[in-house]
J.: 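Right, I'll just put the structure down here and ask away after.
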Amino acid sequence: MNIIAIDVSKEFLDILAGDDPKTALYEKIENTTEALKEFLQRHQCAPEKWMVIMESTGDYHRTPAIFFLQNKFPVKILNPILVNQYTKATIRKIKTDKTDTVKIMKLGFAGEGDEVSLEAFNNTSKELLICLKASPLKLA
């Protein structure tokens, strides 16, 4: 199985795609559905042969996760604490966007991450809870 490992930020996605972190293709694209469509068209990744794995990053991972799920790719989300622990466990403790994608890919090959569904991202109860936390009700 091939992996598309994504390090997510507000504006950009650092992507490492392949079956081996040492030889995988690295690319940096905008965090938009248009850029993701272009990426898939350029590299002709078929959902049957690829799995997508990314770190949970606030709401910034929602765009790529929903995009890949809508295109029938299996998607796994990593807890950022796990990626941080993996970084601390390495000898050099180097942290760049590209090295993060390598770590994310390795964790994907190790079977880490929780597989998610499109329904999980369309959970209105969770979004309602987020809205209430952002602006709590004031009782008179």
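Positions are given from 1 along the sequence.
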J.: Working to the nearest 0.5 angstrom, can you tell me the gap between Lys106 NZ and Thr101 OG1?
T.: 10.5 Å
J.: Please tell me if the side chains of Leu78 and Ile104 come closer than 4.5 Å, counting only heavy atoms from C-beta onward.
T.: yes
J.: Shortest non-hydrogen contact from Ser56 to Pro80?
T.: O-CG, 3.4 Å
J.: So do Val52 and Met54 actually touch side chain to side chain, heavy atoms under 4.5 Å?
T.: yes
J.: Could you check Asp14, Thr99, Val102 and say which one makes a side chain to side chain contact (heavy atoms under 4.5 Å, CB included) with Asp7?
T.: Asp14
J.: Hey, does the side chain of Asn31 reach the backbone of Val8 with a donor-acceptor pair shorter than 3.5 angstrom?
T.: no
J.: Within the 4.5 Å heavy-atom criterion, are Met51 and Ile4 side-chain neighbours or not?
T.: no
J.: Grab the two heavy atoms, one from Pro47 and one from Pro74, that are nearest each other, plus how far apart they are.
T.: O-CD, 3.7 Å
J.: I need the Lys76 NZ to Ile3 CD1 distance, nearest 0.5 Å.
T.: 8.0 Å
J.: So, using side chain to side chain donor-acceptor pair (under 3.5 Å) as the criterion, who are the partners of Ser117 when residues are at least two apart?
T.: Glu119
J.: Counting only N and O atoms by type, is there a donor-acceptor contact under 3.5 Å from the side chain of Asn71 to the main-chain atoms of Phe73?
T.: no
J.: Let me confirm one number: the CD-OG1 distance from Gln70 to Thr33, rounded to the nearest 0.5 Å.
T.: 8.5 Å
J.: Do Phe12 and Glu30 touch side chain to side chain, with heavy atoms closer than 4.5 Å?
T.: yes
J.: Cation over ring, Lys98 on Tyr26, under 6.0 Å and within 45°?
T.: yes
J.: Check salt bridge (Lys or Arg N to Asp or Glu O under 4.0 Å) between Glu38 and all other residues, then give those that pass, not counting sequence neighbours.
T.: none
J.: Using the side-chain contact (heavy atoms from CB on, under 4.5 Å) rule, take Leu25 and Leu16 through it: C-alpha gap first, then chi angles, then the decisive distance, then the call.
T.: CA-CA 5 Å; Leu25 166 85; Leu16 191 64; over 6 Å; no
J.: Any heavy-atom pair between the side chains of Leu36 and Phe68 that's under 4.5 Å?
T.: yes
J.: Would you indicate whether the side-chain heavy atoms of Thr32 and Thr63 approach each other to under 4.5 Å?
T.: no
J.: Are there over 12 heavy-atom neighbours, none belonging to Asp114, within less than 6.0 Å of that residue's CG?
T.: no
J.: Nearest 0.5 Å please: distance from the CD1 atom of Ile53 over to the CD atom of Glu115.
T.: 10.0 Å
J.: Tell me, with the steps shown, if Trp50 and Met1 meet side-chain contact (heavy atoms from CB on, under 4.5 Å).
T.: CA-CA 6 Å; Trp50 292 83; Met1 165 127 336; 5.9 Å; no
J.: Hey, what do you get for CZ (Phe67) to CD (Glu34), rounding to the nearest 0.5 Å?
T.: 9.5 Å
J.: Please report the interatomic distance CG(Asp19) to CE(Met105), rounded to the nearest 0.5 Å.
T.: 8.0 Å
J.: Are more than 12 heavy atoms from other residues, nucleotides or ligands located less than 6.0 Å from atom OH of Tyr60?
T.: no
